[in-house]
Amino acid sequence: MFGFEWDTSSNWAFATSIFPILMRGLLVTLQATVLGFFIAIVLGLVLAALKSARLKLISWPARFISEFIRDTPLLVQLFFLFYVLPEYGIVLPAFLTGALALGLQYSAYISEVYRAGIESIPLGQTEAARALDLSPRRTFGVIILPQAIPRIIPALGNYLVSIMKDVPVLSVVAVLEMLNVAKIIGDRTFNYLIPLSMVGIIYLVLTLLAAVVIRQLDQRLPKRGIPLK
Amino acid sequence: MTNETLISSASAAPPADSIIHFDNVVKRFGDVTVLDHLDFEVKKGEKVTIIGPSGSGKSTVLRILMTLETIEEGVIHVAGRPLWHEERNGALVPASEEHLREMRKEMGMVFQQFNLFPHMTVRRNVTEAPVHVLGLSKAEANARAEEYLELVGLSDQADKYPSQLSGGQQQRVAIARALAMRPNIMLFDEPTSALDPELVGEVLSVIQRLAEEHDLTMLLVTHEMQFAQRVSDRVCFFDKGRIVEQGPPEQCFVNPQEERTRDFLKDWLNPA
């Protein structure tokens with residue numbers, strides 16, 4: 001598989017021989033994670049902006065969409081994108097469809113992260129900016145956002161990990177991410193224990209690593225906002 | 001009552017020497033009437049203190065002037081121009097955002113909670129608006145910041161962040177920040193209410209110096225009666241959205257005419 005052969009002579013030999021194959025799967029997992037996350041943070045920002053629009057004609061549909069996305073299973077959305085869109089002439093590769101489904105699902109959650117982060121900034125900051133006659137754009141960009149970002153980033157980190165853990169869902173549309181690769185190895189060797197255990201361990205290592213990185217980041221971010229020189 | 005009659009009945013120009021002029025102003029929050037057909041005037045260079053029980057609408061007067069709250073009825077003139085309205089074809093229409101931006105240049109405000117920008121140094125707090133609103137160069141703005149930080153006695157703290165300063169120092173930075181926009185009117189909304197008692201004095205003495213040495217028009221909401229007596233030309237006692245009594249501090253604090261004022265000031269008039 002992927003030009004690698006497995007060696008079933010011993011458990012240890014089997015494990016080491018399939019490790020590079022699983023790594024190929026992991027690469028796909030990480031690619032889907034990064035692409036899904038990127039879609040989610042951009043789309044989340046758009047959703048957050050639409051939801052806070054003054055015009056109800058804009059904010060209400062945005063809220064409905066956001067609620068709808070959050071309250072329906074990821075798998076349903078994935079099937080919808082994968083099987084229904086082609087009927088209307090939109091055919092996307094499985095990988096892209098999967099990343100899009102992940103991004104869509106998490107954009108709804110992340111839009112709430114943005115909203116909460118921005119709303120956590122005391123109203124007095126906006127009022128002081130207004131009293132100084134700063135433009136609304138400058139108030140948001142230079143006063144509010146730099147203070148909101150340190151509150152947003154740790155939550156975004158947690159969602160990045162969640163997305164990574166949801167990538168195996170994409171195996172149902174035949175994306176060759178890590179779990180799917182492990183399952184195929186199991187199907188062909190009749191040994192599921194070792195590849196699936198390895199997937200679990202690799203996930204555990206990755207999430208623990210991510211947790212450490214997020215905690216470090218959280219501690220280093222200036223609590224009062226990003227200093228401006 | 002239609003808007004039409006409201007506007008035309010209220011469009012009389014204020015006296016030439018008044019810099020702030022409230023004419024029949026009504027402000028409501030839901031069912032609560034905060035300002036009840038208020039008439040109020042401040043002359044150029046005058047130092048006016050507003051006292052009164054909480055909920056009497058004192059802070060609302062300042063917040064309306066700073067355009068942080070809207071009004072429901074009446075007309076306010078600032079420096080001879082309507083604040084919340086614009087004149088168009090001889091009639092007063094609600095002000096556009098550009099008009100409000102223009103009007104805000106007349107005023108600077110100091111808040112109870114300081115509201116300094118915590119992620120900016122003291123210098124950046126003071127220079128942000130002069131650079132990005134008035135269009136000053138960095139060097140000009142820094143020189144100006146130096147000048148006003150000196151005035152409030154904090155020129156050696158310019159590179160610190162607000163969190164590294166005491167409450168009293170933070171409020172003095174906030175005063176410098178407002179002054180750096182060179183407003184004609186300074187609004188102080190309970191500037192010492194959030195401070196520890198031992199830090200109140202340093203802020204009050206800065207405000208008193210400003211009052212004595214500058215021809216700024218000053219409007220102060222405060223609970224510091226002694227300070228109000230020292231610093232103001234006129235004291236206004238507010239209750240239930242109206243001015244119950246006003247006059248020189250000697251009158252209001254020594255011999256108030258109204259029952260309601262006497263009642264409010266009883267602890268001050270007859271210390272236990």
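Just the heavy atoms: all of them, side chains too, but no hydrogens, waters or symmetry mates, feed the values below. Within every chain, numbering begins at 1; the chains are lettered A, B, ... in the order of the sequence lines, protein sequences first and strands thereafter. These numbers were taken from a predicted model, which means no experiment stands behind them.
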What part of B:L187 gets closer than 4.5 Å to chain A, counting heavy atoms only: side chain, backbone, both or neither?
neither
If you round to the nearest 0.5 Å, how far is CE of B:M103 from CG of A:D133?
11.0 Å
Taking everything shown except A:R215 itself, do over 12 heavy atoms lie less than 6.0 Å from its CZ?
no
Any chance OH of A:Y88 has more than 12 other-residue heavy atoms, nucleotides or ligands included, within less than 6.0 Å?
no
Where does B:F117 contact chain A at under 4.5 Å (heavy atoms): side chain, backbone, both or neither?
both
CG/A:D71: more than 12 non-hydrogen atoms of other groups inside 6.0 Å
yes
B:K105 atom NZ: more than 12 heavy-atom contacts under 6.0 Å:
yes
With a 4.5 Å heavy-atom cut-off, do A:R130 and B:R104 have their side chains touching?
yes
Audit row: A:E127, B:M66, side-chain contact (heavy atoms from CB on, under 4.5 Å) steps and yes/no
CA-CA 9 Å; A:E127 292 186 343; B:M66 202 63 255; over 6 Å; no
Within a radius of less than 6.0 Å around CD of B:Q208, do more than 12 heavy atoms belonging to other residues, nucleotides or ligands occur?
yes
Is it the case that over 12 heavy atoms from other parts of the model lie below 6.0 angstrom from the CG atom of A:L57?
no
Tell me, out of B:Q113, B:M107, B:R177, B:M109, who's got the most heavy-atom pairs with chain A below 4.5 Å.
B:R177
Quick one, B:V133 and A:R138 - any side-chain contact, counting heavy atoms below 4.5 Å?
no
Got a donor-acceptor contact below 3.5 angstrom from the B:N115 side chain to the A:G124 backbone?
yes
If you draw a 6.0 Å radius around OH in A:Y83, do more than 12 non-hydrogen atoms from other residues or ligands fall strictly inside?
yes
Flag side-chain contact, heavy atom, 4.5 Å: A:Q125 against B:P118:
yes
Any A:L132 side-chain heavy atom under 4.5 Å of B:E128 side chain
no
Of the backbone (N, CA, C, O) and the side chain (C-beta and beyond), which part of A:S135 lies under 4.5 Å from a heavy atom of chain B, both, or neither?
both
Identify which of B:Q112, B:M181, B:R101 forms the greatest number of heavy-atom pairs closer than 4.5 Å to chain A.
B:R101
